[in-house]
A.B. asks: 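So that we are looking at the same thing, I have put the structure below in structure tokens.
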Amino acid sequence: PRPDVHPLPPGTHLLFAQSGKIEHVPLDGYNMKKNEAKAVLYLPDKVVIGVAYDCVDKVIFWTDITSPSISKASLHGGEPTTVISSDLESPEGIAIDHLGRTMFWTDSMQDRIEVASLDGRQRRVLINTGLVNPRAIIADPIRGYLYWTDWNRDAPKIETSYMDGSNRRVLVKDDLGLPNGLTLDPQTSLLCWADAGTLRVECMNPSVSNRKKVLEGIQYPFGITAYGSNLYYTDWQRQVDGGPVDSSTKKETDEFLPSKRSRLYGITIAYAQCPSGYNYCAVN
Amino acid sequence: DSTAGTPTDCTPCPCPEGTSCAVVPKTKEVVCTNCPTGTTGKRCELCDDGYFGDPTGQSRPASPCRACKCSDNIDPNAVGNCDRETGECLKCIYNTDGFFCDRCKDGFYGNALAANPADKCKACSCSPFGTVNRQTNCNQLTGKCPCLPHVTNRDCSACDPGFFNLQSGRGCEPCNCSAIGSTN
């Protein structure tokens, strides 16, 4: 098939970063329509790490570490626009609160978590202590929580706080290696992480703490995203878009191997429609 | 454009041999889509994350993309470990610094190239009272802090024999003990 750049057709898609581009794979139910995989955006001189999707305006946001910045592009077509380019060093994970119209990101050199509105204004540092290698970040705007990973080799952890950075606490610190990827299914509120140290995918309900191993003996996971009861993850070693993994059956059911053999980074779901729900900030 | 109906509808990709390309619809720009391992960019002229070089000789003699060379003082789980063109190391660990993470960072001393991370770079920990201008830096290799007059030890934490009052912060003063009345 001739590769090309196209706006996304309707439906639900996987979006993932491979250094100079963001690709998509359409989903048919939970199945990846692999022969319809295409680049959505070519960013040839960038190294894209984190991707997030604003389901309201149908806009992709991403972090780039070559000229450290956060940018966005509409999936209806339209030029990529840089939203934030100052005072960033190694922006990696990015998350969108589609209700509050804000974005959150980690910076592994500044060791910070910051927030700004989706146009880049009203920027504020939320967390700047006790971080060594912050990477993945997830927002749960319906319940009002942030979750993030820190792959500090001496003390890896998964933490949570309210969306203003208050009420911070460690959720997981034992039996963790390099928690590179993190995802939350908005329906089941199951928090799952992909660990390149323990080579496992594990899940837990953050309010109940019933931790479960979902997948073991994987190769080198980086990003992970949940869609329904399925999980999709990227892998540095296989250079494939592993998954979907059914989080109830603990089996890997399919894999997608992009034609270019280079590392895959962040992965996210582009929902056809926003998950339902509202929060305080959305009406204020 | 294969539908224009001219002999030049299709032209070869301006990419390394055997790799594909695509036209960006909006800008009509041609980008290579399947650059060889370690390379990326519109014309495969850049190195991927974790690699450095100048594969097409854009701004220096052409050199293939090679893995970052950072003296084993980077973490393979980090991204952006070196400048993709110059190879300058950007994420040195174990308190190392320098273009190749090959020296200790300021305030640390030792052998950045030691095999065991515990033997690499140790904190200078200069004594604030005994060190010139309360400096925190020391000799990169020996760890010797710059001591005030008559102050001794690597970290400037003691007075020379026959001197006292390190706490003065101006160096140690002679004891001036009487040779006759003192035991030694």
Side-chain angles (χ1 to χ4, degrees), chain A residues 1-7 17-21 23 38-39 41-50 63-66 68 73 77-80 89-93 108-109 132-133 135 151-154 156 177-180 195-197 220-222 236 239 258-263 265-266, chain B residues 1-3 10 13-16 18-52 56 58 65 67-68 74-86 88-94 117-118:
Chain A
R2 190 177 66 103
D4 213 330
V5 187
H6 276 303
Q18 189 177 28
S19 62
K21 59 190 169 183
E23 293 223 31
K38 274 184 187 136
L41 268 173
Y42 280 111
L43 304 156
D45 52 347
K46 309 293 184 198
V47 174
V48 178
I49 305 295
T63 59
D64 161 36
I65 54 165
T66 52
E79 288 303 294
E89 286 181 61
S90 187
E92 297 187 12
S108 75
M109 283 182 88
V132 174
N133 282 312
R135 178 155 277 168
W151 61 268
N152 174 12
R153 286 198 187 254
D154 297 324
L178 302 168
N180 282 335
D195 190 320
Y220 205 102
F222 189 85
W236 273 7
Q239 295 167 356
S259 60
K260 177 167 164 60
R261 311 302 299 272
S262 73
R263 285 173 175 182
Y265 297 88
Chain B
D1 179 1
S2 58
T3 62
C10 294
C13 287
C15 303
T19 58
S20 52
C21 59
V23 180
V24 180
K26 258 214 152 92
T27 58
K28 303 284 174 228
E29 193 174 34
V30 177
V31 292
C32 303
T33 54
N34 212 353
C35 293
T37 305
T39 68
T40 183
K42 273 177 207 158
R43 299 281 181 273
C44 309
E45 80 284 13
L46 296 170
C47 296
D48 259 334
D49 182 32
Y51 294 84
F52 74 100
T56 59
Q58 299 247 305
C65 296
C68 296
I74 48 171
D75 193 307
N77 196 53
V79 294
N81 269 325
C82 71
D83 182 288
R84 63 209 312 208
E85 197 179 315
T86 65
E88 180 177 5
C89 299
L90 304 174
K91 289 197 170 172
C92 302
I93 55 173
Y94 307 128

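Here is the naming used below: chain letters follow the sequence lines, and residue numbers restart at 1 for every chain.
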A.B. asks: Does the distance from a Lys or Arg side-chain N to an Asp or Glu carboxylate O, for A:D45 and B:K42, drop under 4.0 Å?
C.D. replies: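 Result for this pair is no, no salt bridge flagged.
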A.B. asks: Between A:E89, A:R153, A:K46, which residue shows the highest count of heavy-atom pairs closer than 4.5 Å to chain B?
C.D. replies: A:R153
A.B. asks: For A:K21 and B:T33, which I'm curious about, is there any donor-acceptor pair between the side chains at under 3.5 Å?
C.D. replies: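 Not at all, the side chains of A:K21 and B:T33 share no donor-acceptor pair under 3.5 Å.
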A.B. asks: Kindly compute the distance separating CG (B:N77) from CG (A:N180), expressed to the nearest 0.5 Å.
C.D. replies: 4.0 Å
A.B. asks: How long is the gap from CD1 on A:I49 to CG on B:D49, to the nearest 0.5 Å?
C.D. replies: 5.5 Å
A.B. asks: Is any side-chain heavy atom of A:E92 closer than 4.5 Å to a side-chain heavy atom of B:V79?
C.D. replies: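 Side chain of A:E92 against side chain of B:V79, heavy atoms only: contact under 4.5 Å found.
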A.B. asks: Return the minimal non-hydrogen interatomic distance between A:P44 and B:L46, and the atom names on each side.
C.D. replies: O-CD1, 3.7 Å
A.B. asks: Give the member of B:G50, B:C35, B:C32 that has the highest number of heavy-atom pairs under 4.5 Å with chain A.
C.D. replies: B:C35
A.B. asks: Taking the side chain as everything from C-beta on, heavy atoms only, tell me whether A:S90 gets closer than 4.5 Å to B:K91.
C.D. replies: yes
A.B. asks: More than 12 non-hydrogen atoms from neighbouring residues, nucleotides or ligands closer than 6.0 Å to OH on A:Y220, yes or no?
C.D. replies: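 Buried by this count: over 12 neighbours within 6.0 Å.
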A.B. asks: Name the region of B:I93, side chain, backbone, both or neither, that has any atom closer than 4.5 Å to a heavy atom of chain A.
C.D. replies: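 Looking at B:I93, nothing touches chain A.
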A.B. asks: Please round to the nearest 0.5 Å and tell me the distance separating atom CD of A:Q18 and atom CG of B:D48.
C.D. replies: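 It is 8.0 Å, given to the nearest 0.5 Å.
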A.B. asks: Tell me the closest heavy-atom pair linking B:A22 and A:Y42, and the distance in Å.
C.D. replies: CB-OH, 4.2 Å
A.B. asks: Start with the C-alpha gap between B:R84 and A:V47, add the side-chain angles, then the distance that decides, and say whether side-chain contact (heavy atoms from CB on, under 4.5 Å) holds.
C.D. replies: CA-CA 10 Å; B:R84 63 209 312 208; A:V47 174; 3.7 Å; yes
